[in-house]
Amino acid sequence: VTPRDRSADEPDFERDEAMEAALSHVSRPLARAEFRDALRRRFVTAARGASTVPLVDMVEDPPARDAGSRPARWAWPVAIAAAASVVALLMIKPNESRWKVMDGPWTGNVVVDTVSIPVSDRVRLEKSLADAHEIETSGRLELNFGKWYALDLAPGTHLTITPMEQRSRPEPLGFYVANGALRVTTGPDFHGAEMIVATQDLSARITGTNVGVDVLVDGTCVCCLHGEVKVVRPSQNAATVSMNGTLRVVRGRSEARDGEINHAHEPAMKELEEAARRLW
Amino acid sequence: VARQRSLEPVLQPALDRARDAGRSREISSHSPFGPSNLSTDPRTERPSDPRPGVAHPELSPEFKRRFATGDPEALARFYELYFERVYGYVRRMLSEDHTAEDVTQDVFMHVQRSVKSYDPERELDPWVFTIATNKVRDHWRSRRHRDNLSETSLDDADTRFHPIAPRRGPLPALENAELGRLLEHAIAELPESMRSALVLRYFEGLSFERIAQMFDRNEAAVRKRYSRALDELRRNLESRLSEPEGGKL
């Protein structure tokens, strides 16, 4: 029996031990710190968002409608329209992103799923947003998703989008804002849909309006420029914020303050609305 | 026998140092990484000594229970405990930094999505490394599909050996770092099935039984695969050291 044959059929423990001792000098491959930190943020932030604010559940299980509010004769036309919408969506080319960077003086970079992309490289940015799960902006940025909605992201906004496989429909309609601010203006194609914008403090249920959600150091501020938005918090009654109103939730406290729209947050919402109006 | 003896001057000092340090029990082929070496104290969940080949402590039942519920704190802790291990495993299997990052990201996103399918009664290591192994395989499949390469899979590569340089010469004395560097290259050249067995067993401390379950093989086959991986390393090392350049890479 040669040494080669013996090692194949019968482990030589003494030789193995010598090699194992030598292996102790092999160092562990180390990842880039930037990658490690970015993935940690994505892993932990998304988990926190999923845990405290059930984005998917809320999108997939809207509150039961009053059976009498929709006559039965509408059921078939609505179903056919919905099916047509799905077919239309499926006809969109897979590589064609419906995300567009709106015109504006945007600068800086956007980190899309750990990849940093300059805002000036619009084509690449729009393409990467098609499958994005996490977005982090260094400067202010306005985006629109077809005619569904337009978003204004304040500088330093860290946004997590519900992963495709967890969505009940192809449009990204669930957002978790870890930092910064997200303002939303819904467009003509949004009709009948529902968007959830969540923070660690609350989730805002948007059904067609102009809303701003600002994550503050000590809580979250929800502003409503037009329409109304429903705000849900863990273990608290839901609250409704109406046109030109605001709701301020302080972290760790059960009570929330309502009042007039926050004038510091209002200008960005108005600018977004005007830009979207020009677009649509 | 001549080949077996030729590496003695290189390997013996490392073995002596390991024995002197009392680590021979940890790295012995007979009972390495056994439960007796593991701490169940949650304060020592993170290995105090990140050297490869050192056992990773057992996680507390409470931690695993919280992890299985998707508790954000437990997930954050999980990330701290597993990031380096998962990245290290994936990087060793793929040998490319950027690809290793992509696949590592896939692993953690998969963990996040499927955490509630984890049974807290079971060990976490095999669950995590099975996901990592599947992601590595997915990558190979996609790369094979893209490049039309005929690579060997994790399961059937035992017969793929690399040619050994026929040249022989005096073996140089090696510093520890140089020996480690040579071995890194040798590990990267191992067939995938041997490399996965070696990395999971030696560097990540999984038992032969668990590795066998992961690869749907019997324990004896995995033991043999591991031993053959060590033998391949030895022969590769010998080959490199026999080169005229003295094994410089």
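Every heavy atom of this structure was used, including side-chain atoms; hydrogens, water molecules and symmetry mates were not. Convention: sequence-line order gives letters A, B, ...; per-chain numbering from 1.
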Task: Distance (rounded to the nearest 0.5 Å) between B/Leu198 CG and A/Met19 CE - done: 8.5 Å

Task: Test salt bridge (charged side-chain N to carboxylate O under 4.0 Å, His left out) applied to B/Glu209 - qualifying residues, sequence neighbours left out - done: none

Task: Gap between atom OG of A/Ser24 and atom OH of B/Tyr202 - 0.5 Å precision - done: 5.0 Å

Open item on the list: Using salt bridge (charged side-chain N to carboxylate O under 4.0 Å, His left out), reason through A/Glu20 and B/Arg201 one step at a time and then give a plain yes or no.
Closed with: CA-CA 11 Å; A/Glu20 286 174 327; B/Arg201 172 61 177 163; 5.7 Å; no

- [ ] Check whether more than 12 heavy atoms from other residues, nucleotides or ligands sit under 6.0 Å from atom CZ of A/Arg253, and answer yes or no.
- [x] no

Open item on the list: Let me confirm one number: the CZ-CG distance from A/Phe35 to B/Asp97, rounded to the nearest 0.5 Å.
Closed with: 10.5 Å

TODO: Compare all side-chain heavy atoms of A/Leu30 with those of B/Arg91 and state whether any distance is below 4.5 angstrom.
DONE: no

TODO: Tell me, for B/Thr69 versus chain A, whether the close heavy atoms (under 4.5 Å) come from the side chain, the backbone, both or neither.
DONE: neither

- [ ] Could you check A/Arg36 against B/Phe83 for side chain to side chain contact (heavy atoms under 4.5 Å, CB included), going step by step and ending with a plain yes or no?
- [x] CA-CA 8 Å; A/Arg36 180 193 169 110; B/Phe83 174 81; 3.4 Å; yes

Open item on the list: How close do A/Ala22 and B/Leu183 get, counting heavy atoms only, and between which atoms?
Closed with: O-CD1, 3.4 Å

TODO: Give the C-alpha distance, both sets of side-chain angles, the deciding distance and a yes or no for side chain to side chain contact (heavy atoms under 4.5 Å, CB included) between A/Leu39 and B/Glu101.
DONE: CA-CA 9 Å; A/Leu39 183 57; B/Glu101 289 187 358; over 6 Å; no

Open item on the list: My understanding is that only one of B/Ile187, B/Leu233, B/Leu182 makes a side chain to side chain contact (heavy atoms under 4.5 Å, CB included) with A/Val26; could you say which?
Closed with: B/Ile187

Open item on the list: Strictly distance-based, threshold 3.5 Å: is any side-chain N or O of B/Tyr79 a donor or acceptor partner for the main-chain N or O of A/Arg41?
Closed with: no

Task: Check: B/Glu184 and A/Pro29 side chains under 4.5 Å, non-hydrogen atoms - done: no

TODO: Flag the pair A/His25 / B/Arg181 as yes when at least one side-chain heavy-atom distance between them is below 4.5 Å, and no otherwise.
DONE: no

Open item on the list: Show, in sequence, the C-alpha distance, side-chain angles and deciding distance for A/Arg28 and B/Tyr87, and conclude whether the side chain to side chain contact (heavy atoms under 4.5 Å, CB included) test is met.
Closed with: CA-CA 9 Å; A/Arg28 181 184 289 281; B/Tyr87 179 82; over 6 Å; no

TODO: Report yes if the side chains of A/Phe43 and B/Val111 come closer than 4.5 Å at any heavy-atom pair, otherwise no.
DONE: yes

